[in-house]
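Report on the following structure.
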2 protein chains.
Amino acid sequence: MDLFLSKFSNNIDKKGRVTLPSLFRNALPKNDRNEIILFKSLKFSAIEGCSSQRINNIAKKINELDIFSDDQEDFATSIFSEVIPTKLDKEGRFLIPDNLKNHANILNEATFIGQGHYFQIWNPKGALERQQKSRERLVKEKRTLGSILSKQENKND
Amino acid sequence: MDLFLSKFSNNIDKKGRVTLPSLFRNALPKNDRNEIILFKSLKFSAIEGCSSQRINNIAKKINELDIFSDDQEDFATSIFSEVIPTKLDKEGRFLIPDNLKNHANILNEATFIGQGHYFQIWNPKGALERQQKSRERLVKEKRTLGSILSKQENKND
DNA sequence: CTTATACCCATTGACGCCCATAATATCCCA
DNA sequence: TGGGATATTATGGGCGTCAATGGGTATAAG
């Protein structure tokens, strides 16, 4: 299972197209690399994106929640109604819908940041600030990337 | 997996390539020796590096957190967006991204320092100073390798 | 008819892939 | 044990491919 990793900034051209970074395209499921799912982040002025496979998986999980619970309704409403399937052209570019662009204050440059199984799209400044904040939190908790990454967690090597 | 041990200095050529020291290449998992992960050290003006397998393990752990929790979001951003997957060519060379080079003040020579399960990349002068400081600190605190090792002698890994 | 978007092809610079070489280390066998 | 054959390392460089980007035209939609 490939992950969305690292950070990339790409320009939005006159026609409104942005290219999804090559590494992100490769992180999409091999049989379905012509489409991504976009939706507003619930927490940030950012767009979130993922493969349609992931949405299907989330749907399954929501289904497993008690069918009469408030959670179920809220999730269902806030997620499924707001989700926007988006096609990529042959070069891996797509159009960011206007309402999402506005939500994320994106003008002519979009910054993609990897979040593992999904990714986010920010305006460049917002992306930097978000990275700094989350990094500060890590430092404050005295956890470093190095120590986290260097722990022996796996047995298959 | 084997450990990243010892210290090596290699040149950066006109094209910006450095070879990962042979011993470090051999310390990578046998099935995945064409890629490493690079990221800024949070504590030093240095780059840290590890195998991509580590990232996958981290991903598993983070994925186990509640999917919409603050922790999940913060970890995802601070790790997945900061991490840079980097391919090695057939000769074991790779390109150090410019922002990482700047972070570590690396120009045309890179010093690799083994840190066990991960490694660091410094500029040669910085590497020397770092070695001296950590050595001095060990001596000052009267912690000798011997005492540390004897504490662990009944842990078998 | 006007506007938007899907599909196609072109360009440019960076990077991956390949082959070459020199220096060093390892091996093998007489 | 010596010495030549072989392997491996760090390094240099040519060249094709691909990524990001630009733009033209057909097609659809309103």
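Here is how names work: the chains are called A, B, and so on, in the same order as the sequence lines, proteins then strands, and each is numbered from 1.
- B/Glu82 and B/Lys40 are not joined by a salt bridge, as no carboxylate oxygen comes within less than 4.0 angstrom of a charged side-chain nitrogen.
- Of the two residues near DNA chain C, A/Lys90 and A/Leu95, the one whose nearest nucleotide lies more 5' is A/Leu95.
- Enclosure of atom NZ in A/Lys43 by more than 12 non-hydrogen atoms of other residues, nucleotides or ligands within 6.0 angstrom is indicated.
- A/Asp89 comes within contact range of no nucleotide atom at all, as no heavy-atom separation falls under 4.0 Å.
- Remark: nothing in residues 97-107 of chain A comes within less than 4.0 Å of DNA chain D through any heavy atom.
- In this structure, B/Lys15 reaches the bases: a heavy-atom distance under 4.0 Å links it to at least one base atom across the strands shown.
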Do B/Arg54 and B/Asn57 pass the side-chain contact (heavy atoms from CB on, under 4.5 Å) test, and can you show the C-alpha distance, the side-chain angles, and the key distance before you say yes or no? CA-CA 5 Å; B/Arg54 292 250 161 262; B/Asn57 297 330; 4.1 Å; yes
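- Between A/Asn26 and A/Arg93, it is A/Asn26 whose nearest contact on DNA chain D lies nearer the 5' terminus.
- Contact check for B/Leu88 versus B/Arg93: no side-chain heavy atoms found under the 4.5 Å cut-off.
- Protein chain B touches strand DNA chain C; the 5'-most and 3'-most nucleotides with an atom under 4.0 angstrom of its non-hydrogen atoms are C/dC15 to C/dC19.
- Under a 4.0 Å N-O distance rule, the pair A/Arg130/B/Asp74 qualifies as a salt bridge.
- Between A/Glu129 and A/Lys125 there is a salt bridge, with a side-chain nitrogen of the basic residue lying less than 4.0 Å from a carboxylate oxygen of the acidic one.
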Residues 15-24 of chain A, side-chain donor-acceptor partners within the protein, below 3.5 Å, at least two apart:
unit_1  : atom_1 : unit_2  : atom_2 : d
A/Arg17 : NE     : A/Asp13 : OD2    : 2.8
A/Arg17 : NH2    : A/Asp13 : OD2    : 3.1
A/Thr19 : OG1    : A/Asn10 : ND2    : 3.1

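- Between its opening and closing five pairs, the helix from C/dC1-D/dG30 to C/dA30-D/dT1 changes axis direction by 40°, a value rounded to 10 degrees.
- Sorted by first and then second residue, the ring-ring contact (aromatic ring centres under 6.0 Å, His included) pairs involving residues 40-60 of chain B (not counting sequence neighbours) are B/Phe44-B/Trp122.
- Across all strands shown, A/Ser22 has heavy atoms under 4.0 Å from sugar-phosphate atoms exclusively, and none from any base.
- Protein chain A contacts DNA chain D from D/dA19 to D/dT25, reading 5' to 3' and using non-hydrogen atoms of the protein with a distance under 4.0 Å.
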